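Below is one structure, written out as structure tokens, with a few remarks after it.
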Amino acid sequence: MPELPEVETIVRCLRRHIVGLEVAAVRVPFRPVVRNRRAAFLNGFVGRRVLGLRRRGKMIILDFSGGLTMIVHLKMTGQLLFGPARAPRDRHTHLVLAFRGSGMELRYHDVRKFGFIRGTMTSDAERAPELRGLGPEPLTMDLPAFLHRLKGRRGRLKSLLLNQKVIAGLGNIYADEVLFESRLDPRAEVTRLGPRRLQRLWSSIQHVLNEAIAYKGTTVRDFRDGEGLEGLFQNRLKVYGREGVPCPRCGTAIKRIRVSGRGTHFCPRCQRR
DNA sequence: GCCACTGTTAGCAT
DNA sequence: CATGCTAACAGTGG
């Protein structure tokens, strides 16, 4: 669920609330959510202040004083929620950062338990296994860099867009939306695409992701920002989750097929190889 | 109740 | 190395 625009929305939201706060306690009700060999590493965060939040692909990165960093991945159903410590916690809350004096805390909540948190030294964060090997950020990658990145790649266009080692941050929803916007068939062989089509693809990535961020992300089911609020972009989706609905461009019914194992929505008339 | 399906990706097979 | 499939988990809907 949380792809680049959702993660960016969470980061911007939480920045306003937790930068400057001091960690009073770290609680880990569900140990497997912590990727560190020793969960006790997280005790080192007590007494540290939040210096800032960053996003890398779909990862949330929290930097603390004392040269400490937390890397968070929400996978499908994870949420990072800032709220009053007194609010009841349910059984899906797997990690809690309590903040000194404020009566507030940050909770990692994840129904399916696919997500994780790793504590690292800030200086080592870029080399953490989860960040190492991630592709470039799509929104700061110019067209020549994009073309260079795709050079020599094979396979279906859709699986290329989903490959985090190629470009970081796109998931199933935005891959489908980007492909619709660029009028390309998700099944197309990457090697067969000419420069005009690739340019269209690049500019659609910029456009769709920026729009989705402006609308604070897509809530299909689980996505919430740091305050628990839903996104607004679900109202603007053109193909994702719209099987059978007329294409907004030509009126043909949107199709849903399976491409490299993923549900894929597209317009069979507008989107050509 | 049972079965199929779900937004991600690590790990294994090819 | 690169690319492709599946399991990890829990909840939802048919």
Side-chain angles (χ1 to χ4, degrees), chain A residues 1-10 29-36 55-60 71-80 90-95 108-118 128-135 138 149-180 186-192 208-209 212-213 215-225 230-244 256-266:
Chain A
M1 168 242 317
E3 308 177 28
L4 186 152
E6 289 74 34
V7 173
E8 184 64 29
T9 299
I10 291 168
F30 183 67
R31 169 68 177 85
V33 81
V34 176
R35 281 264 172 109
N36 298 66
R55 180 191 58 72
R56 180 76 177 89
K58 303 177 192 175
M59 312 269 179
I60 299 168
I71 300 169
V72 180
H73 198 303
L74 303 172
K75 290 283 184 93
M76 313 257 285
T77 55
Q79 303 172 334
L80 269 187
D90 70 16
R91 63 203 183 92
H92 303 301
T93 299
H94 306 314
L95 188 141
Y108 174 78
H109 182 275
D110 187 2
V111 168
R112 288 178 76 177
K113 299 174 177 165
F114 288 172
F116 63 84
I117 294 174
R118 178 189 292 279
E130 293 84 8
L131 293 181
R132 192 178 9 143
L134 263 193
R149 197 73 196 147
L150 267 49
K151 195 168 231 164
R153 300 274 174 184
R154 327 173 138 270
R156 310 276 192 187
L157 186 46
K158 171 136 180 184
S159 51
L160 179 90
L161 293 182
L162 292 177
N163 187 342
Q164 303 298 301
K165 297 197 280 290
V166 177
I167 312 169
L170 286 174
N172 208 34
I173 296 175
Y174 297 109
D176 283 1
E177 293 296 316
V178 162
L179 288 168
F180 174 77
R187 300 162 292 188
E189 272 297 325
V190 177
T191 44
R192 296 221 196 290
V208 169
L209 292 180
I213 291 170
Y215 282 85
K216 298 180 183 296
T218 299
T219 299
V220 172
R221 171 168 292 158
D222 298 298
F223 169 65
R224 299 291 184 278
D225 74 3
E230 298 186 357
L232 298 168
F233 198 71
Q234 60 277 14
N235 307 315
R236 312 193 73 82
L237 295 174
K238 293 177 175 159
V239 289
Y240 182 84
R242 297 175 65 79
E243 182 181 18
R256 183 177 194 280
I257 59 172
R258 199 154 285 271
V259 179
S260 26
R262 311 297 304 278
T264 299
H265 314 71
F266 73 113

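A, B, ... follow the sequence lines: proteins, then strands. Residue 1 opens every chain. Because the structure is a prediction, the values reported are computed rather than measured.
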Seminar exercise, completed: The Watson-Crick or G-U wobble partner of B:dG7, with both key distances under 3.5 Å, is none
Problem set entry | C:dC9: pairing nucleotide in any strand, Watson-Crick or G-U under 3.5 angstrom | none
Specify the separation, in whole Å, of atom [atom1] of [X] and atom [atom2] of [N].
X	N	atom1	atom2	answer
A:K151	C:dC1	NZ	C1'	19 Å
A:K75	C:dG11	NZ	P	18 Å
A:H94	C:dA10	NE2	P	8 Å

Problem set entry | Separation of A:R258 CZ from A:K158 NZ (nearest 0.5 Å) | 9.5 Å
For this session: Check every strand shown and say whether A:S159 touches a base, only sugar-phosphate, or nothing at a heavy-atom separation below 4.0 Å.
Result: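 It contacts sugar-phosphate atoms only.
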Exercise. Across the strands shown, which category fits A:E6 at heavy-atom distances under 4.0 angstrom: base, sugar-phosphate, nothing?
Worked result: nothing
For this session: Between C:dC9 and B:dC12, how far apart are the P atoms? Round to whole Å, please.
Result: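 One P to the other, the span is 16 Å.
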Problem set entry | Pairwise P distance, B:dG7 and C:dT3 [rounded to whole Å] |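 About 22 Å, rounded to a whole number of Å.
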For this session: Look at the side-chain N and O atoms of A:K113 and state whether any lies under 4.0 Å from the OP1 or OP2 oxygen of C:dA8.
Result: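 The answer is no; no side-chain N or O of A:K113 sits under 4.0 Å from OP1 or OP2.
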Exercise. Does the side-chain ring of A:F114 sit on the six-membered ring of the C:dA8 base, less than 5.5 Å centre to centre and under 30° in tilt?
Worked result: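 Answer is yes, a stack.
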